[in-house]
Amino acid sequence: MQDYHEFLDEILVTPERIAARVAELGAQISKDYQGEDLLVVCLLRGGITFTADLLRNMSIDPEVDCMSLTSYGVGHYATSGNVRVNLDLRTNIEGRHVLLVEDIVDSGRTLAHVLNMLHTREPASLRVCVLLDKKMRREVPVQVDYVGFDVPDKYVFGYGIDIDEHCRYLPFIASVNLNKYKKPG
Ligand code: IMP
Ligand code: MG
């Protein structure tokens, strides 16, 4: 894998801004679900870092489960709308308050699919928290209840978000210069 300095275009969100915003979101979610029995659902794998930090900024004690989906796309980050469940929840969500935590909402297809699927299981409530929202790319309307940051229409990486399965470890969120990026393999 190429050194990320070679293809980094711009740091969009610094670790300090991420920490501040995650603290605000954790406080808001704790307030909104005070006294309720909450189940946090982390969407693997991009949501791992965000979910871990969000949990540590909560003053409530939610249960946590994970789900993994694969979206098939054409090109670098277009989603075709075909979404498959690789790993389903272990928890029965019927009658539960569920908060889905996702890295990015782009076209909205992935979230629309998972929301439809989870609604059929009749949770008491179902809300969505995303770290990054690429609003201008939306093709399918989805209700997003908590948003970390709006980001421009650029491919981004870092803070759990990968570019070809790398760069998840980076503490900031950056955009890629696709002219300088060489796809591995
Ligand atoms: P959607 O179905 O088009 O909304 O795509 C959402 C999914 O695509 C996210 O869960 C991400 O995994 C992935 N994705 C979208 N944009 C980016 C990006 O800029 N970097 C890395 N992954 C992305
Ligand atoms: Mg994802």
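One-based numbering, in listed order, for ligands and for the atoms of each. For reference, positions follow the sequence shown, starting with 1.
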### Message
Let me confirm one number: the CG-CD distance from L115 to E102, rounded to the nearest 0.5 Å.
### Response
10.0 Å
### Message
Is a donor from one side chain sitting under 3.5 angstrom from an acceptor on the other, for Q34 and D32?
### Response
no
### Query
Taking atom types as modelled and ignoring hydrogens, do the side chains of H166 and D164 form a donor-acceptor contact shorter than 3.5 angstrom?
no
### Message
Please confirm whether Y155 approaches ligand 1 to less than 4.0 Å, judged on its heavy atoms.
### Response
yes
### Query
With sequence neighbours excluded, what pairs up with D162 under the side-chain hydrogen bond (donor to acceptor under 3.5 Å, both in side chains) test?
none
### Query
Does ligand 1 have an atom under 4.0 Å from some heavy atom of R138?
no
#### Entry: Selection from V142, D103, L132 by shortest heavy-atom distance to atom 11 (C) of ligand 1
D103
## Note on the structure
Heavy-atom proximity to atom 4 (O) of ligand 1, picking from G108, G47, A112, points to G108
### Message
With heavy-atom distances below 4.0 Å as the criterion, list the atoms of ligand 1 near D162.
### Response
21 (C)
### Task
Report the residue from V128, L132, V130 that forms a side-chain contact (heavy atoms from CB on, under 4.5 Å) with V105.
V130
### Query
I161 near ligand 1, heavy-atom distance under 4.0 Å?
yes
### Message
Using a 3.5 Å cut-off on N or O atoms only, is V105 in polar contact with ligand 1?
### Response
no
### Query
Do any N or O atoms from the side chain of K134 and from the backbone of K154 form a donor-acceptor pair under 3.5 angstrom?
yes
### Task
Go through ligand 1 atom by atom and flag the ones less than 4.0 Å from a non-hydrogen atom of S107.
1 (P), 2 (O), 3 (O), 4 (O)
### Query
Who are the ring-ring contact (aromatic ring centres under 6.0 Å, His included) partners of Y159, not counting sequence neighbours?
none
### Query
Against heavy atoms of K134, which atoms of ligand 1 measure under 4.0 Å?
16 (N), 17 (C), 18 (C), 19 (O)
### Task
Determine whether more than 12 heavy atoms belonging to other residues, nucleotides or ligands lie under 6.0 Å from atom CG of D150.
yes
### Minimum non-hydrogen distance to atom 15 (C) of ligand 1, winning option of V176, D106, V151, L44
D106
### Task
Check each heavy atom of E102 against ligand 1 and say whether those closer than 4.0 Å belong to the side chain, the backbone, both or neither.
side chain
### Query
Can you list the ligand 1 atoms lying under 4.0 Å from a non-hydrogen atom of K154?
19 (O)
### Message
Test side chain to side chain contact (heavy atoms under 4.5 Å, CB included) on L131 and I173; report intermediate values, then the result.
### Response
CA-CA 10 Å; L131 177 65; I173 294 155; 3.8 Å; yes
### Query
Should you measure from each heavy atom of T110, which atoms of ligand 1 turn up under 4.0 Å away?
1 (P), 2 (O), 5 (O), 6 (C)
